[in-house]
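Here is the naming used below: chain letters follow the sequence lines, and residue numbers restart at 1 for every chain.
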Amino acid sequence: MAGKTLYDKLWDAHLVETRDDGTALLYIDRHIIHEVTSPQAFEGLRLANRKPWRVDSNIATPDHNVPTDFNERKGGISTIVDETSRIQVQTLDDNCDEFGIREFKINDIGQGIVHVIGPELGVTLPGATVVCGDSHTATHGAFGCLAHGIGTSEVEHVLATQCLVTAKMKNMLVKVDGDLGPGVTAKDVILAIIGKIGTSGGAGYAIEFGGSTLGQLSMEGRMTICNMAIEAGARVGLVGVDDKTIEYIRGARFAPTGETWDKAAAYWQTLQSDDDAKFDAVVELNAADIEPHVSWGTSPDMVVPISGFVPRPEDQADATRQKGYQRALDYMGLKGGIPVTDIMIDKVFIGSCTNSRIEDLRAAAAIAKGRKVAGTIKKVYVVPGSHLVKIQAEKEGLDKIFIEAGMDWREPGCSMCLAMNSDILGRGEHCASTSNRNFEGRQGPGGRTHLMSPAMAAAAAIAGHIVDVRELA
Amino acid sequence: MKAFVSHKGMVGPMDLANVDTDMIIPKQFLKSIKRSGFGPYLFDEMRYLDEGWYGKDCSTRPLNPDFALNQARYQGISILLARDNFGCGSSREHAPWALDDYGIRAIIAPSFADIFYNNCFKNGMLPIILDKAIVDRLFTEVAATEGYTLNIDLQAQTIVTPSGETIAFDIDAFRKQCLLEGLDEIGLTLKVADKIHQFEKQHMLAQPWMFGAIK
């Protein structure tokens, strides 16, 4: 019999029951809640007179819709300008108070983007099932977790039953081997993967990222990669546990201690796919072939290496694709055939659940240090992923580097990744962004997003256009 | 949950691949803590020429004449015909809420994004996957015939076209049952609460660190 994949093992360890029709009831260890996708779920609980099944599996924080401007943030909820937003953040507080759920409120030290605080607080533990009403929950898979996004009805279902009704996914292995070149990061790896398999290439699969390159990456890098599994269509992304995984968790606020830690760590060490595990699909990439990548269009698979050109629709094979490319070019205000380095940038966003951790800020600061933002750039938002990241960055003096370079150092939150708050692009503005989605209107109506790594975004801020970071390093 | 047994309705085309949830309902509408009232803002950025926000009166907003669903012939549609990977992107259930509020009861596409597909069922909406070739043909037929309607029978898993042609579709048995009966999934799961408790006990022995830590 073939061995098991990591996904198989996690699935088996949480299976409450399998039904005749192939669906299953899966037990959930960790449920992370934020202000945008939870109010209707709590309302559902109230209407049905139900209570959370197990409060100590839940943790909440507002992130999507909180202001990141110091002045708008300093008074907590009371200084949020937009009334609808204020009500939404207040509603999370009210619901958590009512149902007894542990929440890090807007200006608490534990507050931050859900996918940043989960691991840093030790809420996310290897081997856990982790869900959240947010598609980037796959991020937690970097810790050998079975983690994925759910809708609001499922948020309510998990609250009420501690379980999800679900069906098993297929297994895909994306194997990256070899050494990454200088200036090439985890973000470039995942953009290259999405470029290769497309935005629906992973649909129906749990993707395990493996190979020697993944082993070399830091936990921050692995999180960046798992984070964007959904951009390849896969709800789940995961990486096997190694010493780095366990060291990242050690000493975290909610992590086990003493004897329990030893027992947990010994179990976590077993969380890898067996050598003879069978995957339904395997994709291989050579790290040495991966250049810094940027997106040119309005879908995360519309990416090219930095030495590349904006593609021409007429060169595409099928009609739907030609049409999609033309629409993307029209929206982006670009012509096919130009080098991507010719694309001028108006604003820069360094942040999001993809790239707002300390390593990301260090990488951006290394480029910004001693340099100035180009005069044509209207604004550079540097938004740490959490209060803990912000404090660490300030300890290292990164905030001063950004400020001296002419960048804006802000309060933690999702910010311009989805632009629910006032961090937003104007119509027609091009943004060098470390976030995960370049959809039409994602960063503001008519806004034009170019996805890239933190170092590449910082370099674009300095140059005023998309540029190969290796020329600045 | 609302039941879905059968539905006869007019079809409208959304002729674009990878329609993401930001297109279906842009983020500014996610500030609402309600689950209704999103219909007027469905496809907001493509549908209107100005910028919308939650609570804005849409009756006087300038419509984008190039957006197919704005055409007079597609007013009153309840079945959406779409392309590959419909609903990709975020997990926001506001997307099916907006479609539902607009009046859409079923969506036909060659493929759907996983989370969106799942979210449809939770709202009594039927997403139907058909072969690309059949979807292509339906697009042609919809364009050629004003008032093009389809008759969907979930029990029989069939769609009948105006010419009387019957197209079969697949659907997972559990989801079909839930839709047909409009079942409350939480209530169903709570029927096996004993099993969950039993599992939980074993799990607590195997992985005690997963319990009691978050305070």
### Query
Between atom CG of Leu164(A) and atom NE2 of His157(A), what is the distance when rounded to the nearest 0.5 Å?
7.0 Å
### Query
Out of Val123(A), Ile150(A), Val89(A), Asp20(A), which one racks up the most heavy-atom pairs below 4.5 Å with chain B?
Ile150(A)
### Query
Which bit of Asp184(B) is near chain A, if near means a heavy-atom gap under 4.5 Å: side chain, backbone, both or neither?
side chain
### Task
Evaluate side chain to side chain donor-acceptor pair (under 3.5 Å) for Thr161(B) paired with Arg137(B), printing each intermediate quantity in order.
CA-CA 11 Å; Thr161(B) 69; Arg137(B) 188 154 54 78; over 6 Å; no
### Euclidean distance, Asp318(A) CG relative to Lys323(A) NZ, rounded to 0.5 Å
11.5 Å
### Message
Does any backbone or side-chain atom of Leu15(A) lie under 4.5 Å from a heavy atom of chain B? Answer side chain, backbone, both or neither.
### Response
backbone
### Query
When heavy-atom pairs shorter than 4.5 Å are enumerated against chain B, which of Ala13(A), Gly44(A), Ser299(A) gives the highest number?
Ala13(A)
### Query
Can a donor-acceptor pair be found between the side chains of Glu200(B) and Trp53(A) at a distance below 3.5 Å?
yes
### Task
Can you tell which part of Met210(B) gets under 4.5 Å to a heavy atom of chain A, answering side chain, backbone, both or neither?
both
### Summary
Checked Gln202(B), Arg92(B), Lys34(B) vs chain A; the most non-hydrogen pairs under 4.5 Å come from Lys34(B)
### Task
Could you tell me if the ring centre of Phe43(B) sits under 6.0 Å from that of Tyr48(B)?
no
## Note on the structure
When the 4.5 angstrom heavy-atom criterion is applied to Met46(B) and chain A, the contacting part is side chain
### Query
Which atoms of Trp97(B) come close to chain A, meaning under 4.5 Å heavy atom to heavy atom: side chain ones, backbone ones, both, or neither?
side chain
### Message
Would you say CG of Asp12(A) has more than 12 non-hydrogen atoms from neighbouring residues, nucleotides or ligands within 6.0 angstrom?
### Response
yes
### Task
Please determine, among Leu25(A), Thr37(A), Ile59(A), the option with the most heavy-atom pairs under 4.5 Å with chain B.
Leu25(A)
#### Entry: Segment of Arg442(A) engaging chain B (4.5 angstrom heavy-atom cut-off)
both
### Query
Given the options Val192(B), Leu30(B), Leu188(B), Asp172(B), which has more heavy-atom pairs under 4.5 Å with chain A than any of the others?
Leu30(B)
### Message
Can a side-chain donor-acceptor contact be found between Gln443(A) and Thr449(A) if the only test is distance below 3.5 angstrom?
### Response
yes
### Task
Can you tell which part of Leu125(A) gets under 4.5 Å to a heavy atom of chain B, answering side chain, backbone, both or neither?
both
### Query
What part of Ile33(B) gets closer than 4.5 Å to chain A, counting heavy atoms only: side chain, backbone, both or neither?
both
### Task
Check whether Thr23(A) gets within reach of chain B through its side chain, its backbone, both or neither, counting any heavy atom under 4.5 Å.
side chain
### Task
Pick one of side chain, backbone, both or neither for Thr91(A), based on which atoms fall under 4.5 Å of a heavy atom in chain B.
side chain
### Task
Assert yes or no for the condition that the ring centre distance of His94(B) to Phe29(B) is strictly below 6.0 Å.
no
### Message
Is it true that Arg175(B) and Asn118(B) share a donor-acceptor pair across their side chains at a distance under 3.5 Å?
### Response
yes
### Message
So, taking the atom named CG in Asn64(B) and the one named CG in Leu49(B), what distance separates them when rounded to the nearest 0.5 Å?
### Response
5.0 Å
### Message
Heavy-atom cut-off 4.5 Å, strictly under: side chain, backbone, both or neither for Glu45(B) against chain A?
### Response
side chain
## Note on the structure
In terms of heavy-atom pairs under 4.5 Å with chain B, the winner among Arg19(A), His148(A), Arg253(A), Arg30(A) is Arg30(A)
### Task
Compute whether any side-chain donor of one residue and acceptor of the other, for Ser57(A) and Gln162(A), lie under 3.5 angstrom apart.
yes
### Message
Counting only non-hydrogen atoms closer than 4.5 Å, does Asp82(A) touch chain B with its backbone (N, CA, C, O), its side chain (CB onward), both, or neither?
### Response
side chain
### Message
Is Ala95(B) close to chain A through its backbone or its side chain, or both, or neither, when contacts mean heavy atoms under 4.5 Å?
### Response
neither
#### Entry: Ion pair check, Glu440(A) and Arg327(A), cut-off under 4.0 Å
yes
#### Entry: Largest heavy-atom contact set with chain A, pairs under 4.5 Å, which of Lys215(B), Met23(B), Gln28(B)
Lys215(B)
### Query
Between Gly55(B), Pro26(B), Gly89(B), which has the largest tally of heavy atom pairs under 4.5 Å with chain A?
Gly89(B)
#### Entry: Side chain / backbone / both / neither for Phe439(A) at chain B, heavy atoms under 4.5 Å
both
### Query
NZ/Lys191(B) to CD1/Ile196(B) distance, rounded to the nearest 0.5 angstrom?
13.0 Å
#### Entry: Proximity breakdown for Phe211(B) and chain A, heavy-atom pairs closer than 4.5 Å
both
#### Entry: Donor-acceptor side-chain pairing of Glu35(A) and Asn65(A) below 3.5 angstrom
no
### Task
May I ask you to name which of Lys263(A), Arg50(A), His136(A), Glu231(A) has the most heavy-atom pairs under 4.5 Å with chain B?
Arg50(A)
#### Entry: Region of Glu17(A) in contact with chain B, defined by heavy-atom distances below 4.5 Å
side chain
### Query
Between Ser135(A) and Arg437(A), is any side-chain donor less than 3.5 angstrom from a side-chain acceptor?
yes
### Query
Looking at Ser111(B), Ser32(B), Ala17(B), which one has more heavy-atom pairs under 4.5 Å with chain A than the rest?
Ser32(B)
### Query
Any side-chain donor paired with an acceptor under 3.5 Å for Asp194(B) and Gln198(B)?
no
#### Entry: Residue among Asp301(A), Thr320(A), Thr257(A), Asp134(A) with most heavy-atom pairs under 4.5 Å to chain B
Asp134(A)
#### Entry: Most contacts with chain A, counted as non-hydrogen pairs under 4.5 angstrom, among Ala173(B), Gly187(B), Cys88(B), Ser90(B)
Ser90(B)
